[in-house]
Number of protein chains: 2
Amino acid sequence: MKWSDLSDNWCPVARTLSIVGDRWTLLILRDCFLGMSRFEQFIESSGMTRHILADRLKRLVESGVLERKAYSTTPKRYDYVLTDKGQELAPALLTLRDWGKKHMPVRRATSA
Amino acid sequence: MKWSDLSDNWCPVARTLSIVGDRWTLLILRDCFLGMSRFEQFIESSGMTRHILADRLKRLVESGVLERKAYSTTPKRYDYVLTDKGQELAPALLTLRDWGKKHMPVRRATSA
DNA sequence: CAAGGTAAGTTTCGTTTTGGAACTATGGCA
DNA sequence: TGCCATAGTTCCAAAACGAAACTTACCTTG
């Protein structure tokens with residue numbers, strides 16, 4: 001089965017995961033909730049590679065979770081900001097955070 | 001950056017995602033919450049391939065989210081059941097479900 | 001007892017996706 | 001003119017994945 005088929009699955013969890021269920025995407029959204037909006041910020045914060053980030057941002061814009069807004073015309077530069085639809089993922093991030101705090105104690109510090 | 005490094009990340013969301021942040025894992029857990037516990041059930045329900053399921057189940061057991069319990073000794077057969085730690089992922093699944101219900105309407109039915 | 005069925009994986013192989021790093025484009029600034 | 005910043009894109013090798021066949025171990029049915 002192809003992962004992309006999940007967007008029409010009968011199960012609403014599966015449909016949600018067709019958008020945020022891959023590696024990195026929820027981490028980008030976490031950064032958005034922390035106030036970040038730019039390509040280089042996401043790169044620095046998450047540690048993901050540049051072309052994966054470019055791909056994920058494109059998908060998130062296509063699915064209406066993020067909006068790509070120009071903040072400079074010359075040169076062309078864009079902010080990626082949460083739409084209302086994206087904002088409503090906050091409860092999901094919060095439950096994942098709470099679970100991590102409770103069940104995933106840190107064993108050693110990391111710089112990232 | 002390696003994805004596995006996230007288990008020691010400063011951010012609790014990232015640490016949670018180091019376990020459930022890949023494709024398929026949350027879908028397996030959804031099935032667990034629906035009462036499923038066996039290999040063939042997960043295969044039939046999710047549509048994922050057998051060796052990917054085997055890999056995900058092993059990881060989930062290693063991380064203490066599922067427990068592998070023998071339900072037959074001859075031949076050896078196992079149930080995969082949620083631990084307390086796994087049970088506590090319910091709120092996360094519910095928020096993802098709610099978001100899907102609200103923001104991911106079904107366009108056409110699928111058999112899966 | 002041989003044939004077929006069930007459950008739970010494992011192996012193989014060809015295709016995709018990913019990580020890492022370098023490269024490109026556009027303009028600002030010294 | 002040369003260097004810096006932002007936001008990507010391209011290239012290649014490595015890892016992950018999908019599909020399907022194969023394996024192991026037992027059970028049932030003829």
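Reminder, nothing fancy here: chain letters follow the sequence lines and each chain counts from 1. In this text, all values refer to a predicted model and were calculated from it rather than measured experimentally. Excluded from the calculations below are hydrogen atoms, water molecules and symmetry mates; all remaining heavy atoms, backbone and side chain alike, are included.
- Atom CG in B:Leu53 sits about 14 Å away from atom P in D:dA19, given to the nearest Å.
- Residue contacts shown for A:Phe42 are absent, as no nucleic acid heavy atom lies under 4.0 Å away.
- When the C1' atom of D:dT9 is taken as reference, atom CD of A:Glu40 falls 13 Å away, rounded to whole Å.
- Note on A:Tyr80: a side-chain N or O is less than 4.0 Å away from OP1 or OP2 of D:dG8.
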Please write out the pairs of protein N or O atoms and N or O atoms of nucleotides 19-22 of chain C separated by less than 3.5 Å, giving the distance to one decimal.
| unit_1 | atom_1 | unit_2 | atom_2 | d |
| --- | --- | --- | --- | --- |
| C:dG19 | OP2 | A:Trp24 | NE1 | 3.3 |
| C:dG19 | N7 | A:His51 | NE2 | 3.2 |
| C:dG19 | O6 | A:His51 | NE2 | 3.4 |
| C:dG20 | OP2 | B:Met1 | N | 2.2 |

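- Taking the ring centre of A:Tyr71 as origin, the terminal cationic atom of A:Arg77 falls outside the region bounded by 6.0 Å and 45° from the ring axis.
- Using a cutoff of 4.0 Å between basic side-chain nitrogens and carboxylate oxygens, B:Asp79 and B:Arg38 are scored as salt-bridged.
- A:Arg50 forms no cation-pi arrangement with A:Phe39, by the criterion of a distance under 6.0 Å to the ring centre and an angle within 45° of the ring axis.
- A:Asp55 has a carboxylate O that lies under 4.0 Å from a charged side-chain N of A:Arg59, or vice versa, which qualifies the two as a salt bridge.
- A donor-acceptor pair shorter than 3.5 Å can be found between the side chains of A:Thr25 and A:Asp22.
- The nearest whole Å value for the distance from the OH atom in B:Tyr78 to the C1' atom in D:dT24 is 13 Å.
- Closest heavy-atom contact between A:Leu17 and B:Leu96: CD2-CD1, 4.3 Å.
- Residue order along DNA chain D, read from the 5' end via each residue's closest nucleotide, puts A:Phe39 first among A:Phe39 and B:Asp55.
- Once rounded to the nearest 0.5 Å, the distance linking OH of A:Tyr80 with CG of A:Leu29 reads 13.5 Å.
- Atom pair A:Arg56:CZ and D:dA7:C1' shows a separation of 18 Å (rounding to whole Å applied).
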Pull out every protein N or O sitting under 3.5 Å from an N or O of nucleotides 26-28 of chain C, one pair per line with the distance.
| unit_1 | atom_1 | unit_2 | atom_2 | d |
| --- | --- | --- | --- | --- |
| C:dT26 | O2 | A:Arg77 | NH2 | 3.4 |

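- Atom pair B:Arg59:CZ and D:dA15:P shows a separation of 13 Å (rounding to whole Å applied).
- Exactly one of B:Val65, B:Leu82, B:Thr83 qualifies for a side-chain contact (heavy atoms from CB on, under 4.5 Å) with B:Leu60. That residue is B:Val65.
- A:Asp31 CG to A:Ser45 OG: the interatomic distance, rounded to the nearest 0.5 Å, is 3.0 Å.
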